[in-house]
Amino acid sequence: MSIRIPRDDLPAQPSGLLRPAVTLFIVLSVVTGLIYPLVVTRVAQTAFPHQANGSLITQGGKVVGSELIGQSFSMPGYFWSRPSATGPMAYNAAASGGSNLGPTNPALVDAVKARIEELRAADPGNTRPVPVDLVTASASGLDPHISPAAAEFQAGRVAQARGLPLSQVQALVQQNIEGSFLGLLGESRVNVLALNLALDVAKPASPAPAANAAKP
């Protein structure tokens, strides 16, 4: 005996699904690919224009860096940043990454020893323990901050090179300490570029300004 299946119960034909699928694709493309980005961009530019445009730092009308990306400083009259493992140059924002060296890797041990020797050579009279963030790179290689302890460690060298009272340099460090978010998240930190620019306001370094003291 044959069984008749009502037409309404038959599976939908592929051709009947094409139109709603295409319509849904177009609607979602417009909403997520056009309307949503435009709305988010508009809100960001209105409410947070500085952050939305890269948190750029300007000096004399010129962009000298970003609050979010570190720079390398080598002159004794400037505070030095953390090491950076990005290539082919330090603090390369197009190649963010760490060294991927484990704590027992001889290459990392040798690199840390060399960095400690460099810091000791730049400030022979400083016998304080070297803060760990001055001899190890961050996971991103772009960290623009150092710890307050790392800034305090360098204050004597910077003061001597600048011909400034140590107390004045230490006061600048304190003024540039950024607290944890909402007093709960993260650690206190110092933005190295902002601190060095504040130094240049207090007493310009010779022969190069902070914006030009960074390694390429």
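No hydrogens, no waters, no symmetry mates; every other heavy atom, side chains included, goes into these values.
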Peer 1: What I want to check is whether the side chains of Gln160 and Asp123 have a donor and an acceptor closer together than 3.5 Å.
Peer 2: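 Looking only at side-chain atoms, Asp123 and Gln160 do not form any donor-acceptor pair under 3.5 Å.
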Peer 1: Indicate, with yes or no, if Val22 and Phe25 share a hydrophobic cluster defined by side-chain heavy-atom contacts under 4.5 Å among Ile, Leu, Val, Met, Phe, Trp and Tyr.
Peer 2: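 Yes, one cluster joins them.
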Peer 1: Is the backbone of Gly54 close enough, under 3.5 Å, to the side chain of Ser66 for a donor and an acceptor to pair up by distance?
Peer 2: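 Flag set: sc Ser66 to bb Gly54 pair under 3.5 Å.
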Peer 1: Could you state the interatomic distance from CE (Met75) to CZ (Arg157), rounded to the nearest 0.5 Å?
Peer 2: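 These two atoms lie 11.0 Å from each other.
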Peer 1: Which distance, rounded to the nearest 0.5 Å, do you find between the CG of Leu119 and the CZ of Arg128?
Peer 2: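 CZ of Arg128 is found 12.5 Å from CG of Leu119.
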Peer 1: Is there a side-chain contact between Met89 and Asn92, using heavy atoms and a 4.5 Å cut-off?
Peer 2: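 Side chain of Met89 against side chain of Asn92, heavy atoms only: contact under 4.5 Å found.
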Peer 1: Determine the minimum heavy-atom distance between Ala95 and Gly87, stating which atoms define it.
Peer 2: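 Nearest heavy atoms, Ala95 then Gly87: CB-O, 3.4 Å.
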Peer 1: In terms of hydrophobic clusters joined by side-chain contacts under 4.5 Å, are Ile35 and Leu28 together?
Peer 2: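 Each belongs to a different hydrophobic cluster.
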Peer 1: For Asp110, is there an ion pair with Arg115 - N to carboxylate O distance below 4.0 angstrom?
Peer 2: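 A salt bridge is absent here (no side-chain N lies under 4.0 Å from a carboxylate O).
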Peer 1: Closest heavy-atom contact between Ala122 and Pro124?
Peer 2: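 Looking at all heavy atoms of both residues, the closest pair is C-CD, 3.7 Å.
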Peer 1: Do Ser147 and Glu187 touch side chain to side chain, with heavy atoms closer than 4.5 Å?
Peer 2: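 The answer is no; the side chains never approach within 4.5 Å.
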Peer 1: When rounded to the nearest 0.5 angstrom, what is the spacing between OG in Ser74 and CD in Glu118?
Peer 2: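 Interatomic distance, Ser74 OG to Glu118 CD, rounded to 0.5 Å: 8.5 Å.
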Peer 1: Please report the shortest heavy-atom distance between Ala90 and Thr86, naming the atom on each side.
Peer 2: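 What the structure gives for the nearest pair is C-OG1, 3.4 Å.
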Peer 1: Heavy-atom count around Arg42 CZ within 6.0 Å, excluding the residue itself: above 12?
Peer 2: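 Result for CZ/Arg42: open.
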Peer 1: Quick one: does Tyr78's side chain get under 4.5 Å of Leu195's, heavy atoms only?
Peer 2: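 The answer is no, as the side chains (C-beta and beyond) never meet within the 4.5 Å cut-off.
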Peer 1: Is the shortest side-chain heavy-atom distance between Arg82 and Val192 below 4.5 Å?
Peer 2: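 Arg82 does not reach Val192 side chain to side chain.
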Peer 1: Under 4.5 Å between any side-chain heavy atoms of Val130 and Val135, yes or no?
Peer 2: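 In contact.
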Peer 1: For Pro148 versus Ile177, what's the shortest heavy-atom pair and its separation?
Peer 2: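 So the two residues come closest at CB-CD1, 4.0 Å.
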Peer 1: Have Gln170 and Gln175 got a donor and an acceptor in their side chains that come within less than 3.5 Å?
Peer 2: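 No, because no side-chain N or O of Gln170 sits under 3.5 Å from a partner of the opposite role on Gln175.
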Peer 1: In sequence, state the C-alpha distance, the side-chain angles, and the governing distance for Ile146 and Trp80, and then conclude on side chain to side chain contact (heavy atoms under 4.5 Å, CB included).
Peer 2: CA-CA 9 Å; Ile146 56 176; Trp80 295 354; over 6 Å; no
Peer 1: Could you go through the side chain to side chain contact (heavy atoms under 4.5 Å, CB included) check for Ser72 and Ser81 one step at a time?
Peer 2: CA-CA 6 Å; Ser72 293; Ser81 307; 5.8 Å; no
Peer 1: Write down the atom of Ala150, the atom of Pro131, and the distance for their closest heavy-atom approach.
Peer 2: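 Scanning both residues completely, I find the closest heavy atoms to be CA-CG, 3.6 Å.
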Peer 1: Before giving the answer on side chain to side chain contact (heavy atoms under 4.5 Å, CB included), spell out for Leu199 and Leu164 the whole-Å C-alpha distance, their side-chain angles and the decisive distance to 0.1 Å.
Peer 2: CA-CA 10 Å; Leu199 273 172; Leu164 290 171; 4.3 Å; yes
Peer 1: Tell me whether Leu197 shares a hydrophobic cluster with Phe79, the cluster being built from Ile, Leu, Val, Met, Phe, Trp, Tyr side chains joined at under 4.5 Å.
Peer 2: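 Yes, because Leu197 and Phe79 connect within a single hydrophobic cluster, where side-chain heavy atoms sit under 4.5 Å apart.
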Peer 1: Quick one: do Val112 and Val109 end up in the same hydrophobic cluster if we chain Ile, Leu, Val, Met, Phe, Trp and Tyr together by side-chain heavy atoms under 4.5 Å apart?
Peer 2: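 In one cluster with Val112: Val109, no.
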Peer 1: Have Tyr91 and Asp143 got a donor and an acceptor in their side chains that come within less than 3.5 Å?
Peer 2: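 No, no side-chain donor-acceptor pair sits under 3.5 Å.
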Peer 1: For a quick test of reading the model, state the closest non-hydrogen atom pair linking Ala85 to Gly98 and the distance between them.
Peer 2: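 For Ala85 versus Gly98, the nearest heavy atoms are CB-C, 3.7 Å.
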Peer 1: I'd like to check Glu178 versus Asn191 (side-chain heavy atoms, cut-off strictly below 4.5 Å). Are they in contact?
Peer 2: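 They are in side-chain contact.
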Peer 1: Is Arg162 close to Val169 at the side-chain level, that is, under 4.5 Å between some pair of heavy atoms?
Peer 2: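 SC-SC contact between Val169 and Arg162 ruled out.
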Peer 1: What verdict does the side chain to side chain contact (heavy atoms under 4.5 Å, CB included) test give for Ser180 and Leu185, after you've listed the backbone C-alpha separation in whole Å, the side-chain angles of each residue and the deciding distance to 0.1 Å?
Peer 2: CA-CA 5 Å; Ser180 55; Leu185 303 177; 5.7 Å; no
Peer 1: To the nearest 0.5 Å, what is the distance between CG (Asp133) and CZ (Phe153)?
Peer 2: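 Reported value, rounded in 0.5 Å steps: 11.0 Å.
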Peer 1: With hydrophobic residues grouped by side-chain heavy-atom distances under 4.5 Å, do Leu68 and Val190 end up in a single group?
Peer 2: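 No, no single cluster joins them.
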Peer 1: Rounded to the nearest 0.5 Å, how far apart are CG of Leu193 and NE2 of His145?
Peer 2: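 The distance works out to 10.0 Å.
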Peer 1: Could you check if a side-chain atom of Glu67 sits within less than 4.5 angstrom of a side-chain atom of Gln51, using non-hydrogen atoms only?
Peer 2: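 Not in contact.
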Peer 1: Can you tell me how far CG of Asn100 sits from CG of Asn105, rounded to the nearest 0.5 angstrom?
Peer 2: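 With rounding to 0.5 Å, CG (Asn105) is 10.5 Å from CG (Asn100).
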Peer 1: Would you sort out whether Asn196 and Gln71 count as a side-chain hydrogen bond (donor to acceptor under 3.5 Å, both in side chains), showing the intermediate values?
Peer 2: CA-CA 11 Å; Asn196 284 334; Gln71 297 183 27; over 6 Å; no
